[in-house]
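The structure is given below, and queries will be raised subsequently.
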Amino acid sequence: MSKCLYCNNDFSYNLTIKEIFSFNPIFEDNLCQLCRNQLKPLSSTNGCSRCFKPEIKTICDDCRFWEDKYNIINCHQSLFGYNQFIHNYFKKYKRYGDILLADLFLKDLLTWSQSNKFDLITYIPASKSHQELRGFDPVWEMYHRVFELTPLLIKVDADKPQAQKNRSERLNTPQTFRCINDQLYSSETKVLLLDDIYTTGRTILHAKMALNAIGLTNIYTFSLSR
Ligand SMILES: [Zn+2]
Ligand SMILES: [Zn+2]
């Protein structure tokens, strides 16, 4: 019997056919089936091939904008569509600071990490003031048990949090990241950059530009939700 980290109900986990016949390790789930049914799994086949935006048959407007304006081809993957469940989850996790919820999607993240390999893995950090306010860095906390994380970026405090901005304010926010040090990396290095939620791609774009400055150009990005 397991206890769902989200709703606290006891549940027993039934292996899927795929898991029974799989040679990969099987990870325990922290999320019960009732909660899991409320998720909207994403893939490149039911969304934008560059960022997994759902219900887009080709390449979405945001990805076209980044390509036209900055010559950037997004290479983003995401597990779940942003919906009411994900919204409530992040509210509990980030706004109310329930740190135990960092592990809610551990199984999904571990499974994804099995089939996606990188030379270097880093993440979008919280700004110092947010981290102090909350007591932890939500992105680091969510991924550090899954990946070996190398901190590379620092977030400079912005005028107001992303969540309080409208779409055009978000798209036009100035650069907010810089690198921790100026050690140069080879451009061959295959980097994974992690974030929690992907909205317009602006945050990730800025972080990528900061990483370009230390030689990292082969950058893949991932978020739990988008
Ligand atoms: Zn549950
Ligand atoms: Zn897209």
Side-chain angles (χ1 to χ4, degrees), residues 1-16 19 26-94 96 98-112 116 124 142 162 167-168 170-173 191-209 218-226:
M1 223 40 164
S2 315
K3 200 176 251 312
C4 175
L5 272 187
Y6 192 78
C7 69
N8 277 323
N9 285 328
D10 292 322
F11 70 100
S12 52
Y13 182 68
N14 299 317
L15 289 178
T16 61
E19 281 173 329
I26 292 156
F27 306 107
E28 232 178 273
D29 206 352
N30 289 328
L31 193 62
C32 74
Q33 197 55 50
L34 282 176
C35 286
R36 201 164 266 292
N37 289 345
Q38 297 175 61
L39 292 168
K40 186 167 124 191
L42 298 178
S43 79
S44 62
T45 50
N46 65 19
C48 169
S49 59
R50 293 186 187 175
C51 76
F52 280 38
K53 185 175 190 161
E55 286 128 36
I56 301 271
K57 286 280 166 281
T58 54
I59 295 165
C60 78
D61 288 347
D62 288 333
C63 286
R64 279 189 205 286
F65 174 80
W66 299 128
E67 184 176 3
D68 295 345
K69 198 161 178 204
Y70 299 100
N71 208 12
I72 281 179
I73 311 285
N74 279 333
C75 205
H76 185 81
Q77 288 196 35
S78 199
L79 293 182
F80 303 113
Y82 194 85
N83 62 8
Q84 198 58 47
F85 186 86
I86 293 286
H87 175 85
N88 293 342
Y89 162 69
F90 277 111
K91 194 159 135 188
K92 277 179 149 183
Y93 175 46
K94 287 172 75 169
Y96 302 137
D98 186 348
I99 195 169
L100 293 179
L101 289 178
D103 288 343
L104 192 65
F105 297 100
L106 203 54
K107 181 188 170 81
D108 306 274
L109 298 175
L110 286 165
T111 306
W112 189 85
N116 295 276
I124 304 273
M142 179 182 281
Q162 283 288 334
R167 189 186 146 83
S168 107
R170 281 176 192 225
L171 285 168
N172 293 303
T173 317
V191 193
L192 176 64
L193 173 64
L194 300 162
D195 201 1
D196 49 7
I197 308 167
Y198 181 106
T199 310
T200 60
R202 164 64 67 174
T203 306
I204 277 190
L205 174 89
H206 279 158
K208 271 169 131 176
M209 284 171 150
N218 188 14
I219 306 170
Y220 294 75
T221 60
F222 177 88
S223 61
L224 178 80
S225 178
R226 76 94 60 232

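Heavy-atom basis, side chains included; hydrogens, waters and symmetry copies ignored. Both ligands and their constituent atoms are indexed starting at 1 by order of listing.
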Might you confirm whether atom CG of Asn37 has over 12 heavy atoms from other residues, nucleotides or ligands at distances under 6.0 Å?
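Result for CG/Asn37: enclosed.
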Decide ring pair (Phe, Tyr, Trp, His ring centres under 6.0 Å) for Phe80 and Phe85; before the verdict, give the C-alpha distance in whole Å, the side-chain angles of both, and the deciding distance to 0.1 Å.
CA-CA 10 Å; Phe80 303 113; Phe85 186 86; 8.9 Å; no
I would like to know whether Thr58 and Arg64 meet side-chain contact (heavy atoms from CB on, under 4.5 Å); could you show each step before the answer?
CA-CA 10 Å; Thr58 54; Arg64 279 189 205 286; 3.8 Å; yes
Does the gap between the ring centers of Phe52 and Tyr198 come in under 6.0 Å?
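Aromatic pair excluded; centres sit 6.0 Å or further apart.
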Is Asn30 reaching over with its side chain to a backbone N or O of Leu106, donor-acceptor style, under 3.5 angstrom?
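It does not hold such a pair.
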Tell me if the OH atom of Tyr220 is crowded by more than 12 foreign heavy atoms within 6.0 Å.
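Atom OH in Tyr220 is not crowded, with 12 or fewer foreign heavy atoms closer than 6.0 Å.
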What's the SG-the Zn ion (ligand 2)-SG angle here (Cys48, Cys63), rounded to 10 degrees?
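It rounds to 110°.
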Identified side-chain contact (heavy atoms from CB on, under 4.5 Å) counterpart of Leu31 within the set Tyr6, Phe11, Tyr89
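So, applying the side-chain contact (heavy atoms from CB on, under 4.5 Å) to Leu31 and each of Tyr6, Phe11, Tyr89, only Tyr6 qualifies.
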Under 2.8 Å from the Zn ion (ligand 2), is there an N/O/S atom belonging to His76?
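No.
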Report the protein N/O/S neighbours of the Zn ion (ligand 1) that fall below 2.8 Å; do not count waters.
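Sorted hits: Cys4 SG, Cys7 SG, Cys32 SG, Cys35 SG.
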